Amino acid sequence: MAKSDQQFHSTACNLCFVNCGINVQLGGENGRDIVKVMGDKAHPASEGYICNKATRINYYQNNPNRLTSPMRRRADGSYEEISWDTAITEIAEKLSHIKATHGGERITFYGGGGQGNHLCGAYGRSLINGLGIKYRSGPLAQEKTGIAWVLGRVIGTSAFYDIERADVVMFVGKNPFMSNGIDRGRTFLREISKDPARKLIVMDPRRTETADFSDIHLAVKPGRDAWCLSAILGHIVQEQELPMDWLESHTHGYEDLIKLLKEVPVADYAEFCGVDLELIKETANVISAAESVVLEEDIGIQMAPHSTLVSYLNFMTMFLNGNYGKPGTMLANTPMVELLPFEYRPTNEQGEEINMEYSPVTRSPIVTGLYPCTAFPEEILTDHEDRFRAAIIMSSNPVHSLPEADLMAEAIRALELSVVIDVAMTETAYQSDYVLPACTQYERYEATFFPMRVPDNFFHVRKPLFDPAPGTLPEAEIVARLIEAMDIFDADELAPLKEAAPQGIDVYRNAFFEQALLNPKVKDMVAYVLYRTLGPELPEGQDVSAVVWGLTQALTMRNPKEVAAAGYTSDDMGTELYNALMDSPSGAIITRTEAEESFSRIPYPDNKLQLNMKEMLEELQTLQHLQPLVDTSEEYPFALVAGARRAYTANTIIRDPNWIKGKIPFALTIHPGDAEKLGLEEGIKVMLKTEHGQEAVDLAFDDRMKPGTLSIPNGQGLTFKTDDGETVRPGVFANKLTGHKHRDRFVGTPLHKFVPANITAIA
Ligand SMILES: Nc1nc2c(c(=O)[nH]1)N[C@H]1C(S)=C(S)[C@@H](COP(=O)(O)OP(=O)(O)OC[C@H]3O[C@@H](n4cnc5c(=O)[nH]c(N)nc54)[C@H](O)[C@@H]3O)O[C@H]1N2
Ligand SMILES: Nc1nc2c(c(=O)[nH]1)N[C@H]1C(S)=C(S)[C@@H](COP(=O)(O)OP(=O)(O)OC[C@H]3O[C@@H](n4cnc5c(=O)[nH]c(N)nc54)[C@H](O)[C@@H]3O)O[C@H]1N2
Ligand code: SF4
Ligand SMILES: [Mo]
């Protein structure tokens with residue numbers, strides 16, 4: 001399929017989770033380079049927007065260190081190339097053996113998707129169910145399980161921010177100027193700052209580039225957002241009018257929350273969180289007076305002290321002021337795939353959750369199907385008989401991205417079997433028994449749909465730009481071969497579907513629903529089944545996208561009204577939607593929702609939001625002791641942000657350091673005033689030390705920093721082999737400096753944004 005024409009091809013950027021639509025031109029020696037990248041104006045969400053990073057995706061696609069053969073670890077820790085047949089046979093044998101001896105629950109699954117590659121998650125699910133894997137985790141469990149738990153308890157269904165129509169937008173611990181993470185990031189910031197009718201509030205210790213566009217910047221002390229939000233809420237409850245009729249008809253338990261907020265000593269909390277009392281009052285008044293308010297948070301608080309409580313308070317700031325279920329607020333939505341379900345979580349009369357599940361060894365809570373990823377090493381490094389014996393890690397790099405990298409590596413080495421499915425030899429791959437090379441997300445069909453927009457939700461199926469690189473396979477095929485090598489299906493079990501497929505989609509559809517009722521395996525391993533039965537009948541290369549047909553069928557059964565409202569009205573809306581997606585290179589709207597319907601989707605009694613989340617109300621009361629959860633000390637006087645988004649960071653998706661322009665992206669930043677006090681000059685090398693390790697790093701000044709804080713970029717210290725065969729690891733490997741116990745007490749998300757640290761000049 002190599003092309004070297006002047007034609008533009010539509011796809012999406014994979015360097016952050018908003019996945020802007022892009023049009024690319026291919027070229028280079030074999031036509032396998034992405035030589036030009038432009039924003040795709042026809043993309044329903046990004047509308048032509050791209051940031052500085054998109055033009056550099058060729059560094060991902062043509063990583064000189066890409067994997068092109070399955071690899072097996074030797075006893076001495078080196079790796080040898082093996083054939084696909086050998087790899088599949090050996091892995092299948094070992095997995096079957098572990099399952100037979102210890103049970104499928106002793107195998108864990110980690111990852112299953114990244115920024116823009118999501119279909120592999122569906123195939124991963126087939127492997128999970130095929131093997132009887134019960135426990136899984138992934139990168140969502142290091143940022144989003146707190147918010148998922150809270151919203152599960154409060155709303156109980158999937159919901160999202162209607163940010164485009166909100167009069168007041170507040171970003172809490174989110175810097176979209178650098179990280180994007182919202183559609184048309186910088187354009188949005190310019191638009192809202194110019195609009196006199198709208199207001200932007202930013203809560204961030206650093207005077208961020210985003211804060212430059214704001215009407216109010218709350219430069220909170222790091223880790224003290226909970227007090228700041230409580231003070232804002234306290235002022236509203238004590239001095240402003242709440243929409244009592246609305247609260248009465250749409251919420252349950254608001255009285256308990258209001259009672260606690262009435263007692264908040266607003267001035268004390270303001271002082272403790274370091275924000276001027278008048279600014280807190282002004283913020284409260286703006287929120288209270290607004291027609292519609294959206295508070296969008298991100299990892300600046302999701303990876304900071306009191307993270308789960310702060311998520312709860314963010315939502316209470318919206319909901320206590322009536323900001324749910326009307327335009328410009330939080331709306332229930334209709335995702336095609338629930339990457340992060342805000343699931344129904346019933347409680348008893350005492351407000352205790354009744355169906356909570358826990359991980360096998362540490363008994364950590366499972367939220368949205370994921371155990372806390374910080375517990376991963378403890379679930380392995382023990383002689384507990386329920387420990388994990390094997391791990392399958394797909395499209396994720398936990399040794400690099402989870403706290404305490406060395407312990408993570410030790411845990412993976414302690415397993416009886418570890419298998420990584422990735423495009424590159426990653427830090428995690430270098431610890432694993434087998435590494436299976438996937439083709440990139442530009443070499444197969446892929447879909448992007450995260451975040452899930454309201455009121456119109458959209459979905460983008462992307463056609464491949466290239467054939468798979470030699471030696472690589474799509475995850476769909478890797479999973480299928482493993483399932484087949486383990487004889488998970490009997491030879492003739494899929495025969496009815498294989499026979500039906502050539503007879504047209506109507507016949508296939510009937511056969512599919514019949515088989516799904518008769519044979520639970522068809523439902524459990526739906527991605528695999530569709531791939532092997534419907535897939536071969538689809539036009540060339542489309543077999544990987546057969547799963548999308550299954551998704552459109554499921555969506556139209558769940559949300560027929562919303563799919564119809566988006567314009568799909570035939571007898572088989574699912575197939576109609578599937579065909580529309582295959583014919584829409586820039587993506588298409590899949591559902592349309594009325595704001596008011598947000599209430600009918602709440603699964604709790606009388607469709608009411610549940611505001612009195614017991615655990616959070618208890619945690620809220622602990623704030624009155626004015627004790628920071630994490631503090632600096634004489635030995636570690638700085639609060640280190642271990643991983644900030646900068647212009648040239650993209651998790652570990654691009655490994656070739658040449659993609660980076662400038663030096664700052666690698667450096668440790670400090671407020672010039674702090675540096676002066678320590679007698680440190682800009683550009684020197686310093687030793688950055690925490691309780692868990694130390695790393696040498698270049699020092700750069702940043703007068704936007706809050707004094708007393710330090711910051712290093714995320715995604716650095718990656719192992720890369722240069723053209724001369726030299727191995728380099730530029731920048732700081734942040735998770736050599738973090739500890740896995742430094743985590744949220746409810747859901748175990750790491751507190752990377754507040755790591756007590758010290759720096760000294762290196763002579
Ligand atoms: N350039 C770039 N963009 C990315 C990514 C990338 O690697 N590089 N990764 C993507 C991913 S996976 C994610 S999850 C998002 C994350 O996107 P963001 O959350 O926006 O990114 P961060 O820079 O990690 O953190 C945001 C802000 O949190 C602030 N912060 C630190 N401590 C505190 C605190 O205690 N309280 C408050 N209120 N704020 C605090 C920091 O000063 C920072 O400005 O970015 C996505 N976009
Ligand atoms: N200290 C610290 N740690 C952090 C953060 C921080 O700010 N500070 N940020 C955290 C955040 S928000 C996140 S989201 C995580 C990310 O954590 P991870 O999900 O572990 O890391 P990524 O770098 O996004 O990993 C993506 C992996 O997918 C591989 N990959 C790319 N394309 C494909 C493909 O098509 N198929 C397959 N099979 N693999 C592919 C890449 O090579 C890479 O190994 O990191 C977290 N870790
Ligand atoms: S905002 Fe994200 S998806 Fe869009 S171009 Fe930038 S990195 Fe790519
Ligand atoms: Mo993330």
Side-chain angles (χ1 to χ4, degrees), residues 12-22 37 39 43 45-46 49-57 60-61 63 65-67 110-121 123-124 138-144 176 178-186 298-300 302-303 373 393-405 420-429 436-444 446 448 472-475 478 640-645 647 649-655 712-716 718 732-738 749-753 755:
C13 170
N14 71 329
L15 298 182
C16 86
F17 59 72
V18 292
N19 302 123
C20 300
I22 52 176
V37 178
H43 188 276
S46 59
Y49 176 86
I50 47 170
C51 77
N52 64 301
K53 296 192 302 260
T55 56
R56 315 197 54 92
I57 54 170
Y60 160 78
Q61 171 58 25
N63 170 15
N65 287 185
R66 255 188 87 178
L67 274 168
Y110 192 92
Q115 318 276 305
N117 56 316
H118 296 311
L119 289 187
C120 66
Y123 290 99
L140 284 171
Q142 41 164 30
E143 45 177 323
K144 305 284 180 247
M178 278 302 169
S179 62
N180 287 282
I182 53 169
D183 289 325
R184 309 177 304 117
R186 292 180 185 184
D298 218 317
I299 66 172
Q302 289 168 346
M303 291 186 174
C373 55
I393 299 163
M394 185 191 268
S395 189
S396 203
N397 187 5
V399 170
H400 193 279
S401 59
L402 290 187
E404 218 166 324
V420 162
I421 302 172
D422 204 295
V423 296
M425 221 36 214
T426 64
E427 289 62 33
T428 308
L436 301 178
C439 61
T440 72
Q441 54 179 287
Y442 298 110
E443 297 172 343
R444 54 179 166 78
E446 190 39 277
T448 30
T472 69
L473 292 175
E475 291 89 351
I478 300 173
L640 167 72
V641 170
R645 271 69 194 158
T649 64
N651 290 2
T652 68
I653 300 163
I654 299 185
R655 305 185 71 82
I712 50 171
N714 68 313
Q716 308 305 313
L718 300 176
V732 177
F733 188 150
N735 284 320
K736 293 247 180 192
L737 300 170
T738 56
T749 40
L751 309 183
H752 290 321
K753 299 297 180 190
V755 180

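All ligand and atom numbering here is 1-based and tracks the order in the structure. Note: hydrogens, waters and symmetry copies are ignored here, and every other heavy atom, side chains too, is used. In what follows, residues are counted from 1 in the order of the sequence shown. In this text the structure is predicted, and so the values were computed from the model without any measurement.
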Trainee: Please determine whether side-chain contact (heavy atoms from CB on, under 4.5 Å) holds for the pair V423 and Y60, giving the CA-CA distance in whole Å, both sets of side-chain angles, and the decisive distance to 0.1 Å.
Mentor: CA-CA 9 Å; V423 296; Y60 160 78; 4.3 Å; yes
Trainee: Would you check ligand 2 and list the protein residues that come within less than 4.0 Å of it by any heavy atom, ordered by chain and number?
Mentor: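 Ligand 2 is contacted, at a heavy-atom distance under 4.0 Å, by Y60, N117, P139, Q142, E143, I299, M303, S395, S396, N397, P398, S401, I421, D422, V423, T426, A438, C439, T440, Q441, R444, E475, A642, G643, R645, N651, T652, I653, N714, A734, N735, H752.
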Trainee: If we check side-chain contact (heavy atoms from CB on, under 4.5 Å) with C13, which of these qualifies: N180, N19, I57, T448?
Mentor: I57
Trainee: Apply the test side-chain contact (heavy atoms from CB on, under 4.5 Å) to residues L718 and H400: give CA-CA distance (whole Å), side-chain angles for both, the deciding distance (0.1 Å), then the verdict.
Mentor: CA-CA 8 Å; L718 300 176; H400 193 279; 3.4 Å; yes
Trainee: Can you check side-chain contact (heavy atoms from CB on, under 4.5 Å) on L640 and I712, steps first, answer last?
Mentor: CA-CA 8 Å; L640 167 72; I712 50 171; 4.1 Å; yes
Trainee: I need the minimum non-hydrogen distance between A438 and I421, along with the two atoms involved.
Mentor: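 Of all heavy-atom pairs spanning A438 and I421, the closest is CB-CG2, 4.2 Å.
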Trainee: Would you please name every residue forming a side chain to side chain contact (heavy atoms under 4.5 Å, CB included) with P437, sequence neighbours left out?
Mentor: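 P437 satisfies side chain to side chain contact (heavy atoms under 4.5 Å, CB included) with L67, P70, W84, T472 once adjacent residues are dropped.
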Trainee: If you leave out waters, which protein N, O or S atoms are less than 2.8 Å from atom 8 (Fe) of ligand 3?
Mentor: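 C13 SG, with waters left out.
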Trainee: Salt bridge check, D422 against R66: does any charged N sit closer than 4.0 Å to a carboxylate O?
Mentor: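 Salt bridge absent between R66 and D422.
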Trainee: Could I get the full list of salt bridge (charged side-chain N to carboxylate O under 4.0 Å, His left out) partners for R655, not counting sequence neighbours?
Mentor: E427
Trainee: Go through K53 and N14 one step at a time and tell me if the side-chain contact (heavy atoms from CB on, under 4.5 Å) criterion holds.
Mentor: CA-CA 10 Å; K53 296 192 302 260; N14 71 329; over 6 Å; no
